[in-house]
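Have a look at the structure below before the remarks.
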Amino acid sequence: MRPWAILLTTITALLTLPLLHHTRAADPAPLRALLLTGGCCHDYPNQSRIISEGLSARARIEWTVVREGGDGRDHQYSIIQDKHWADGYDVVVHNECFGDTTDVDYLRLITEVHKAGKPAVVIHCAMHSFRRAPIDDWREVLGVDSRSHGPHEPIDVAVLQSDHPIFKGLWTTWRTPQGELYQIRKVYETATVLAEGKAFGETHPCVWVNHTGPGKTRVFGTTLGHHNETMASKEWLDLVARGLLWTVGKLHDDGTIAPGYGPAE
């Protein structure tokens, strides 16, 4: 290589280094998500993997997974000791099933954190957790009240709010591979139903968003997800990933994902 060519190559490399450094420094930090999971009636070990890996393929998320309680119905997470338990996380994903946990002080450690501003994603049996508790605080966070479900059969899902950012560009109808449709007996005024599911001759809300607490903290909820086959589907993972991004303000009104938070290129 001629001397002038070597000099040109060196100058180009030196000029490019600051640009590369600037680009990397400008990249946003990944979202920090806490997944709380465990309890009866579901394959939580595999679902933890399906959720964390599936959503990370669709959005820049770093996960902390806390799976406790075995297959019991009454458990209190070791991580939830005081009002600071969710500090350091951008969003908490609830995919647990502890219907017999009734300790009011413990329950309010969870609900007050969300009402005070911590976004949440609530999945399937999270709606039946704390259902025997003597207060309605958890249901106020969820945005719905459910105490029962129908038989196992596929669910025909129809989108009601296709103009909502979560559903813009997404599917409008879907028949789940398998299903267990939760019976919703109340939708709170703070919640907006985005989709309904039909099975065993009944129709119930199955996807919604809620705003809880004085600051109207964002909550995304879906009762879809009993079976691994449903959770592992593209339709379910796309939906929940977009729901999570919406809760933390990384999904624009036009349905596009904020720069730096979409799937890795």
One should read off an interatomic distance between Leu109 CG and Asp103 CG, to the nearest 0.5 angstrom, of 8.5 Å

Shortest non-hydrogen pair, Ile155 vs Glu180, comes out as CD1-N, 3.7 Å

Between Thr37 and Asn95 (side chain of the first, backbone of the second, donor and acceptor by atom type, cut-off under 3.5 Å), is there such a pair? yes

**Message:** In this structure, is the centre-to-centre distance between the rings of Trp236 and His227 below 6.0 Å?
**Reply:** no

Shortest non-hydrogen pair, Arg147 vs Asp145, comes out as NE-OD1, 2.7 Å

inquiry  = What I'd like to find out is whether the side chain of Glu235 reaches to under 4.5 Å of the side chain of Leu239, using heavy atoms alone.
reply    = no

Side chain to side chain contact (heavy atoms under 4.5 Å, CB included) between Thr101 and Tyr106, intermediate numbers included: CA-CA 9 Å; Thr101 302; Tyr106 168 78; 4.0 Å; yes

What one should report as the nearest heavy-atom pair of His84 and Asp82 is N-OD1, 2.8 Å

The complete set of side-chain hydrogen bond (donor to acceptor under 3.5 Å, both in side chains) pairs with one or both residues in residues 157-176, sequence neighbours excluded, reads Asp156-Arg175

_Side-chain donor-acceptor contact under 3.5 Å, His114 with Thr212_ = no

Determine, using the 4.5 Å side-chain heavy-atom cutoff (strictly less than), whether Val240 and Leu170 are members of one ILVMFWY cluster. yes

To the nearest 0.5 Å, atom CD1 of Ile257 lies from atom CZ of Arg60 at 12.5 Å

(message) Treating Thr217 as the side-chain partner and Gly213 as the backbone partner, does any N or O pair qualify as donor plus acceptor under 3.5 Å?
(response) no

- Answer with yes or no whether the hydrophobic clustering places Leu35 together with Ile79; edges join I, L, V, M, F, W, Y residues whose side-chain heavy atoms lie under 4.5 Å apart. no

Separation between CG (Leu55) and CG (Leu31), nearest 0.5 Å, reads 10.5 Å

Those residues at least two apart in sequence (or on a different chain) that pass salt bridge (Lys or Arg N to Asp or Glu O under 4.0 Å) with Glu140 are Lys115

Review point. Do other residues, nucleotides or ligands put more than 12 heavy atoms under 6.0 Å from the CG atom of Asp71?
Key: no

Ignoring hydrogens and geometry, is there a side-chain-to-backbone donor-acceptor pair from Trp208 to Gly143 under 3.5 Å? no

Scan the side chains in residues 245-252 for donor-acceptor partners under 3.5 Å anywhere in the protein, sequence neighbours excluded, and list what turns up.
from	atom 1	to	atom 2	distance (Å)
Thr247	OG1	Leu244	O	2.6
His252	ND1	Thr256	OG1	3.2

Fill in: Pairwise side-chain contact, Cys41 with Arg73, heavy-atom cut-off 4.5 Å (strictly under)
yes

Test item: Trp63 side-chain N/O and Ser52 main-chain N/O as donor-acceptor pair under 3.5 Å: yes

With side chains defined as the heavy atoms from C-beta onward, is the minimum distance between His42 and Met231 less than 4.5 Å? no

Applied to residues 81-124, the disulfide bond (SG atoms under 2.5 Å apart) test, sequence neighbours excluded, yields Cys97-Cys125

Please list, one pair per line, the donor and acceptor atoms closer than 3.5 Å that link side chains of residues 188-203 to other protein atoms, with sequence neighbours excluded.
from	atom 1	to	atom 2	distance (Å)
Thr190	OG1	Asn210	OD1	2.6
Glu202	OE1	Gln183	NE2	3.3
Glu202	OE1	His204	NE2	2.8

If we ignore hydrogens and angles and just use 3.5 Å, is the side chain of Arg242 paired with the main-chain N or O of Gly255 as donor and acceptor? yes

The complete set of disulfide bond (SG atoms under 2.5 Å apart) pairs with one or both residues in residues 149-220, sequence neighbours excluded, reads none

Rounding to 0.5 Å, atoms CG (Asp137) and CD (Glu112) come to a distance of 6.5 Å

Rounding to 0.5 Å, atoms CZ (Arg67) and OG (Ser48) come to a distance of 5.5 Å

Hits for salt bridge (Lys or Arg N to Asp or Glu O under 4.0 Å) against Lys83, two or more places apart or cross-chain, chain-then-number order -> none

| query | Does Leu181 reach the side chain of His149, with side-chain heavy atoms less than 4.5 Å apart? | reply | no

Flag side-chain contact, heavy atom, 4.5 Å: Ile123 against His94:
no

Go through it in stages, so that I can follow the logic: the residues are Leu34 and Val65, the test is side chain to side chain contact (heavy atoms under 4.5 Å, CB included), and I'd like the CA-CA distance, side-chain angles, deciding distance and then a yes or no.
CA-CA 6 Å; Leu34 171 64; Val65 178; over 6 Å; no

| query | So, Thr230 side chain and Gln178 main chain: donor-acceptor pair closer than 3.5 Å or not? | reply | yes

- Task: For Ser56 and Ile61, indicate whether the former's side chain and the latter's backbone hold a donor-acceptor pair under 3.5 Å.
- Result: yes

In this structure, CG of Asp43 is separated from CG of Asn228 (nearest 0.5 Å) by 4.5 Å

Task: Check: Glu96 main-chain N/O paired with Ser129 side-chain donor or acceptor under 3.5 Å - done: yes

Under the 3.5 angstrom rule, does the side chain of Arg131 hit a backbone N or O of Met127 as a donor-acceptor pair? no

With sequence neighbours left out, the residues meeting salt bridge (Lys or Arg N to Asp or Glu O under 4.0 Å) with Asp90 are Arg32

| query | Does the ring centre of Tyr182 sit less than 6.0 Å away from the ring centre of His226? | reply | no

The side-chain contact (heavy atoms from CB on, under 4.5 Å) partners of Glu53 (sequence neighbours excluded) come to Arg49

Residues passing the ring-ring contact (aromatic ring centres under 6.0 Å, His included) test with Phe98, sequence neighbours excluded, are His75, Tyr77

Worksheet item: Can any side-chain N or O of His124 pair as donor or acceptor with the backbone N or O of Leu224 at less than 3.5 Å?
Response: no

Across all chains, not counting sequence neighbours, the side-chain contact (heavy atoms from CB on, under 4.5 Å) partners of Lys216 are His211

Between Ala133 and Leu107, the two heavy atoms sitting closest are CB-CD2, 3.8 Å

- Query: When hydrophobic residues are tied together by side-chain contacts of less than 4.5 Å, even through go-betweens, does Ile51 share a cluster with Phe220?
  - Reply: yes

- Task: Evaluate the side-chain proximity of Val219 to Leu142: yes if any heavy-atom separation is below 4.5 Å, no if none is.
- Result: no

Asp136 meets the salt bridge (Lys or Arg N to Asp or Glu O under 4.0 Å) criterion, sequence neighbours left out, with Arg139

